[in-house]
2 protein chains.
Amino acid sequence: MTDTARGTSRRYGTRPTMKDVAARAGVGLKTVSRVVNGEPGVTPDTERRVQEAITALGFRRNDSARILRKGRTASIGLVLEDLADPFYGPLNRAVEEVARGHGALLINGSSAEDPAREQELVLALCARRVDGLVVIPAGDDHRYLEPEIAAGIATVFVDRPAGQIDADVVLSDNFGGAQDAVAHLIAHGHRRIGFIGDQPRIHTARERLRGYRTAMAAAGLPVDDSWVSLGSTAPDRVRTAANAMLDAPEPVTALFAGNNRVTVTAVRVLGERPRPVALVGFDDFELADLVRPAITVVAQDPARMGRTAAGLLFRRLDGTDDAPRQMEIPTRLIARGSGEIPPAQD
Amino acid sequence: MTDTARGTSRRYGTRPTMKDVAARAGVGLKTVSRVVNGEPGVTPDTERRVQEAITALGFRRNDSARILRKGRTASIGLVLEDLADPFYGPLNRAVEEVARGHGALLINGSSAEDPAREQELVLALCARRVDGLVVIPAGDDHRYLEPEIAAGIATVFVDRPAGQIDADVVLSDNFGGAQDAVAHLIAHGHRRIGFIGDQPRIHTARERLRGYRTAMAAAGLPVDDSWVSLGSTAPDRVRTAANAMLDAPEPVTALFAGNNRVTVTAVRVLGERPRPVALVGFDDFELADLVRPAITVVAQDPARMGRTAAGLLFRRLDGTDDAPRQMEIPTRLIARGSGEIPPAQD
DNA sequence: TAGCCTCTAGACAACGTTGTCAAAGGAGGG
DNA sequence: CCCTCCTTTGACAACGTTGTCTAGAGGCTA
């Protein structure tokens, strides 16, 4: 030990504590705590001395200790599928803004659509004792969260429902939006409409499929099995599925794409084909209006979903204790042209 | 006190601690700690008893206490401009992946391009004693971070250099990329090229402007003051600037857009004009190839920037103590057509 | 069988903060 | 002038974990 750990000069990697500040200012520990937290009952003169010591030493309160003592961490966790997915950007930001309004920090991570990773991440956040969680579920069994919720960690699920447990949920109107999309295509003369969606284990994919089937049935149109393809949203898979539907003996004349990644690939595929094919996509995206033809979409409102979810979360944290709610955020059909392409004449 | 805080039934909002587990398993506190942390020196039989108590009580280690004791938080902070900006998505994700590889969680927040908010956020993260920070600076004076860095919080700046302090930095080759963009336009016959960029206080905007000027000078072309417009990237501002350049007595025949937001607006404006105007944008974006004409861009590699920055950070955390480094990530010109539109013949 | 070593296990302090409580000092009322 | 009350201040315990140290049991060697 050759360092001089007294006064101003300190060992590298060691930070001054309230004790150090108290010693330097010649006051008690608790007085420093009072000044740091702006509590009343300190004379201006004492306060000034403490402040001087704080700046001189470069003291910064250790929130880990504070959290341990107080029990609240002033942080919430957000687990989503992929931080890099543009769909979640506005949702992420919205949650952050609400958290900020409540003085909380945001810890987040990607589940990569892997239930095991989701659970690992969620439990790590629980171990950190986040005050609350906003989760976009990857798995469909969340019973592992029961003890955490019982212990007081507020939890809100977004975009997809919770599995096997009763909790607050914020969803898009996937069913209604899909109905609108398909009805739009039917209104423009289509009778053979294909649907390419995400993995069937994903709730939104199933709901959108249900909307598709309902709209077809409502128009009295049959649905051929080969018109529906659920699976990975990887470009290759989507490309193959789209081409199969378009090259069939009785080809589809329109496509309904189940999410933004599917839509993007569909646009590329359709651009390579000789005759125009109508398209409506679920999820809006930047520049959808600049592609020719401009892409008609069913837009969700991810920022509103995030705001709503975070709002519910902080309601819980503020003590509200009513039954879990399920909220549905409406979708909006934005007609830009690609849905209005008439069926090709044979 | 009416609750029965012993055995299995516990007060709502109160969690079992190692003490509770120890009591139930009939062992000492430290033995529980050993089991929880997988330390050696516990007989299989004892371990089993402890594990049973853990599951029975739903115990989960309180990381706040652990952090307080150990000094390391196993979390890093990421401060960027806007979580919702698609450019930062891949960067965010890359940093997360590296952190995950080191067993660390990621806390992040948006500075909203506001230096005060950046500082507030950074200091909040320091109070949480994150092990390290990845910062996309909004301000240009980071001396406030000196005591934190001295105290051992590793810090890496990304996308823009640190202000007034010596630290690790990861930048894109903004200057070279801009030169490439402008040279591309010049090679296709343009002599009057406009540049619309971000606020001049932002480093990348200045570097790209410098690249623009250098490329013009290298080709022996003069630059008229009215061809350069720096400022907000709000659509209105960009629209006005673009139209002014295009409606001038000697209009520019090509535009170089300083970032993705500018490019998007520029595409819209150019789409409304009677005669084609060449365009190269800084930053790639999804669907750039599907717009007609397809947009030529200078692509950055945000994922690589994030990986590099996080890599540097963990190098520091692993004890490396050499001089701060400045790393430059190359950019890549992706020619898609919009840069090859020839100048209009008058 | 004595002596030594190894292995398991627990008691205790410490991390840095905040809540509780009590002491000291001064002001005001009777 | 005494008593009460209020204000300012600090001592101390507690939050839940981990590092250190020591005790005891048991096995092995001589």
Side-chain angles (χ1 to χ4, degrees), chain A residues 5 10-11 13-50 53-54 57-74 124 126-129 131 151-152, chain B residues 1 5 10-11 13-51 53-54 57-74 124 126-129 131 151-152:
Chain A
R10 302 199 56 82
R11 188 162 62 257
T14 286
R15 308 201 57 145
T17 70
M18 286 190 177
K19 211 166 158 184
D20 301 314
V21 175
R24 187 179 170 111
V27 302
L29 185 53
K30 182 66 214 206
T31 300
V32 177
S33 172
R34 275 191 264 264
V35 171
V36 169
N37 294 293
E39 287 170 26
V42 180
T43 49
D45 182 58
T46 311
E47 170 157 10
R48 190 185 44 70
R49 291 217 314 287
V50 172
I54 287 177
L57 295 176
F59 168 79
R60 181 122 25 234
R61 181 178 64 198
N62 183 330
D63 274 353
S64 293
R66 166 170 235 252
I67 286 165
L68 175 60
R69 189 61 234 256
K70 304 206 78 152
R72 280 267 164 134
T73 58
C126 290
R128 295 296 173 99
R129 298 292 190 273
D131 296 334
Chain B
M1 279 292 210
R10 303 197 57 81
R11 189 163 62 257
T14 286
R15 309 203 54 147
T17 70
M18 285 194 179
K19 212 166 158 184
D20 300 313
V21 175
R24 185 179 171 111
V27 301
L29 185 53
K30 181 68 216 207
T31 301
V32 177
S33 172
R34 274 190 266 262
V35 171
V36 169
N37 294 293
E39 287 170 26
V42 181
T43 51
D45 182 57
T46 311
E47 169 157 10
R48 190 186 44 72
R49 290 217 316 286
V50 172
Q51 286 292 7
I54 287 177
L57 295 176
F59 167 80
R60 181 121 26 235
R61 181 178 64 199
N62 183 329
D63 274 354
S64 293
R66 167 171 234 253
I67 286 165
L68 175 60
R69 190 61 235 256
K70 304 206 79 151
R72 279 265 165 135
T73 58
C126 289
R128 295 294 173 101
R129 298 293 189 271
D131 296 333

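All chains are named by letter (A, B, ...) in the order of the sequence lines, taking the proteins before the strands, and each is independently numbered beginning at 1.
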Atom-pair distance ([atom1] on [X]; [atom2] on [N]), nearest Å:
{"X": "B/I54", "N": "D/dG16", "atom1": "CD1", "atom2": "P", "result": "16 Å"}
{"X": "B/K19", "N": "C/dC12", "atom1": "NZ", "atom2": "C1'", "result": "13 Å"}
{"X": "A/R72", "N": "C/dT18", "atom1": "CZ", "atom2": "C1'", "result": "16 Å"}
{"X": "B/M18", "N": "C/dA13", "atom1": "CE", "atom2": "P", "result": "19 Å"}
{"X": "B/N37", "N": "D/dG16", "atom1": "CG", "atom2": "P", "result": "17 Å"}
{"X": "B/E47", "N": "C/dC7", "atom1": "CD", "atom2": "P", "result": "17 Å"}
{"X": "A/I67", "N": "C/dT17", "atom1": "CD1", "atom2": "C1'", "result": "11 Å"}
{"X": "A/E39", "N": "C/dG19", "atom1": "CD", "atom2": "P", "result": "6 Å"}

Check whether any side-chain N or O of B/R15 sits under 4.0 Å from OP1 or OP2 of D/dG16, and answer yes or no.
-> no
Would one find a side-chain N or O of A/K70 under 4.0 angstrom from OP1 or OP2 of D/dA14?
->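 No, no such contact exists.
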Let's see if you can work this out: which of [options] has an atom nearest to the side-chain heavy atoms of [X]?
{"X": "B/R34", "options": "C/dG10, D/dT8, D/dT18", "answer": "C/dG10"}
{"X": "B/V27", "options": "D/dT18, C/dG10, C/dA9", "answer": "C/dG10"}
{"X": "A/L68", "options": "C/dG16, D/dG10, C/dT17", "answer": "C/dG16"}
{"X": "A/S33", "options": "D/dT17, C/dT18, D/dG10", "answer": "C/dT18"}
{"X": "A/L29", "options": "C/dA9, C/dT18, D/dT18", "answer": "C/dT18"}
{"X": "B/V42", "options": "D/dG16, D/dT18, C/dA9", "answer": "C/dA9"}
{"X": "A/T46", "options": "C/dG19, D/dT17, D/dT9", "answer": "D/dT9"}
{"X": "B/A65", "options": "C/dA9, D/dG16, D/dG19", "answer": "D/dG16"}

Considering only heavy atoms from C-beta outward, does the side chain of A/I67 approach that of B/R128 to under 4.5 Å?
->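 Yes; the side chains approach each other to less than 4.5 Å.
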Less than 4.5 Å apart, any side-chain heavy atom of B/L57 and any of B/V21?
->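 In short, these two side chains touch, coming nearer than 4.5 Å.
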Thinking salt bridges, do A/D45 and A/R49 make one under a 4.0 Å N-O criterion?
-> yes
Where do A/R129 and B/R60 come nearest, in terms of heavy atoms and distance?
->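 For A/R129 and B/R60, the tightest heavy-atom pair comes out as NH2-O, 2.8 Å.
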Closest contact, heavy atoms only, A/F59 versus A/V36 | CE2-CG2, 3.8 Å
By nearest-nucleotide position on DNA chain C, the 5'-leaning member of B/T43 and A/V36 is B/T43
For B/R129 and for B/T31, find the nucleotide of DNA chain C with the closest heavy atom, then tell me which residue's nucleotide is more 5'.
-> B/T31
Between the base of C/dG19 and the side chain of A/K30, is there any donor-acceptor pair under 3.5 Å?
-> yes
Of A/G41 and B/R69, whose nearest nucleotide on DNA chain D comes first from the 5' end?
-> A/G41
Please walk me through it: do A/R66 and A/N37 pass side chain to side chain contact (heavy atoms under 4.5 Å, CB included)?
-> CA-CA 11 Å; A/R66 166 170 235 252; A/N37 294 293; 3.2 Å; yes
At under 4.0 Å between heavy atoms, what does A/D63 touch on the DNA or RNA strands: base, sugar-phosphate, or nothing?
-> nothing
